[in-house]
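Worksheet: the structure to be examined is printed underneath.
These numbers come from a predicted model, not from an experiment. Positions are given from 1, in the same order as the sequence printed here.
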Amino acid sequence: MSDEQRKLQPGEGSDPVPANEAPGTVPSPRISGWQPRHAIPEPEPEPEPEPEPEPQPARAAAPPPRRPAPSSSRLSTGPAAVAGDVVLTADVATTDLLATSSARLGGRAIALAGVVVVLGVVLSRLLGWVRTAVFYAQFGGHNSNLDAFWAAFRIPDTLFQLVAAGAVGSALVPVASELLARGETERARRLMATIANLMILALIPLAVIVWIAAPTLVAAFLNPHPDQLELEVVLTRVMLLSPILLAAGAVMSAGLNSLGIFGAPAIAPNVYNIAIIVCAIALTPWLGVSALAIGVVVGAAGIVLTQAFAVHKAGFYRPEIHIHDPAVRETLMLMAPRALGLGATQLVFLVNNFFAASLPNDGSISAYTGGFTALQIPVGLIGVPLGIVLLPPLSRAVANGDNERFRRLVDQSLRLLLFVVVPLTGFMLVLAAPTMAILYQHGSFDAADTALYAPIYGVFLLGLIAHVLIALLAPIFYAGKDTRTPVTAAIVAVVVDIAAAVVLFPFMHLTGLALAIGLGAWAEVALLVVLMERRIGFDLRPMARHAAAFAGGACVASAATYLVAGFVERSTGGPASLVAQLAEVAAGGLVGVAAYAAWAWVFRLPELKAAIALARMLVGRRGSGGAPAVETPED
């Protein structure tokens, strides 16, 4: 995701007013490059005649005007297109405005907001796993009807990602936050109402068109088995209401967070998951797999209803559209690159779904989805909380033009992330089989399903480090108001992913698709790292030395995990029960963590202290004095 390289120099990089812009119009507030958006212009008022000057008594010179505090830039996560989880962008909306709202909050309120957001995201990920586990418990791991649901979900999810996710994730958040930081609350409310109404007006006719063309679209893009075509069409049509509701909910979350209201947006994604779980348990005996599609719509409505009272109280939604407002035009301009990136990501899921559906055995799409969903658990539990804690100081450094601090914080953030994720990847590879059993082996999902899913999950884990790094690398560019570079990198990843899938699928089938996902993620990371090095000018060689130290410790710790897990498995007679599986994972994981901590202590890795400080911050033991920032001891 790259464009012409720009230097981080204060006061440079503003886009010229287009030559074809009408005289007297307000230019777009976009400022290119890595510079903060200093101001969003207001429409120029009509000039008023100046009154005759009156004599004034002599007085002391007025103090210089106060410089407004720079507002934090947006905080974002990586692409939200997680298989089977259309509401992830609602989580993103919750985190996007935490940093930008912190300029209007103080002290303990910032810490409390951070705790609320982190807990909401973590709970959402856990409930998302419970939801998927309930699906498998109800239908098993080899069920053609469940495959039909996963496939049918792709089309409504694509509509939402293309129209709504880009607006919330990259466009509405920074523009609305800047207006609020300048005290233009009324204009920010008009902006939010306009974007919400435009998205709904765009999605309703799109949903109608897709409803009419569903048989053709399903047959062309989802590659259903002939006996499943009618079912996938019905499920697709049922779920077409969900992107409209989710788009409204995403804007509601962004607006509430921008006003410093974090509770309802943090709860909303959990209401979505709970509604689907309840529908799956209560309605499946009578409606079959249609209960899951109904649950998606009920859950999407729950997101809106959960936030409706807070939105009404805040008063920022109105049935109006102000398309000529420069802030609205700026938001729409910023939507384009993010929508392109999310559309490219959805293309990967459509292609992989198409390949998986071509396999003759039932449950292929479910097996692929189960492995990918399990991969997203550590990505969501680690990448999002670390981003919430680490990215606000990055944004402030960009806003203040402090290049040296920005480089130092990027280096420290990446080292801390690698320090945590590299050993975690080793532990999860060693414990892949019992982990999958703990996650999914309940009800109709049996040991044979676990044996099928575990190798796919293991191959997905080869890209775990890359997926988590993307969650931090892309927002580093967004902090400098550069949305095109991450989008370009995502498109490169999509090209690599699809090419690898075409080559690997005939030989490796589902594990080939999983490997292709990892290769695409690593290609994206490589491009982002190279461009980041050129943009902010720090040397990658020290980072490589640190990564080698982390990898050495991870190998030692993973070996210890393997030995202990094997011993526990033999002692308990094999992973036949949930207790035995939990004992294997717990014992192996604890020994691995202890071995890795010992390695870090022996080699005096400073990230050990930083990781401990971060853990304390995330559980609320610190942070009452301001916005969170974690730095290694040498800072």
Would the distance check show the side chain of [X] and the main-chain N or O of [Y] forming a donor-acceptor pair, the cut-off being under 3.5 Å?
X: Arg237; Y: Trp211; result: yes
X: Thr511; Y: Met508; result: yes
X: Asn270; Y: Ser124; result: yes

Exercise. Could you check Thr450 against Gln441 for side chain to side chain donor-acceptor pair (under 3.5 Å), going step by step and ending with a plain yes or no?
Key: CA-CA 7 Å; Thr450 298; Gln441 194 173 314; 2.7 Å; yes
Check: [Y] and [X] side chains under 4.5 Å, non-hydrogen atoms:
X: Ile517; Y: Val459; answer: no
X: Met199; Y: Val251; answer: yes
X: Leu513; Y: Val351; answer: no
X: Ile470; Y: Val379; answer: no
X: Phe153; Y: Asp157; answer: yes
X: Leu350; Y: Leu222; answer: yes

Quiz item: Got a sec, which residues hit side chain to side chain donor-acceptor pair (under 3.5 Å) with His142, two or more places apart in sequence or on another chain?
Solution: Asp449
Exercise. Output all residues satisfying side chain to side chain donor-acceptor pair (under 3.5 Å) with His225, sequence neighbours left out; order by chain, then residue number.
Key: none
Exercise. Please step through ring pair (Phe, Tyr, Trp, His ring centres under 6.0 Å) for the pair Phe135 and Trp150, ending with a clear verdict.
Key: CA-CA 11 Å; Phe135 291 176; Trp150 292 126; 5.7 Å; yes
Exercise. May I have all residue pairs that pass ring-ring contact (aromatic ring centres under 6.0 Å, His included) and include part of residues 447-470, sequence neighbours excluded?
Key: Tyr136-Tyr453, Tyr368-Phe460, Phe372-Phe460, Phe445-Tyr453
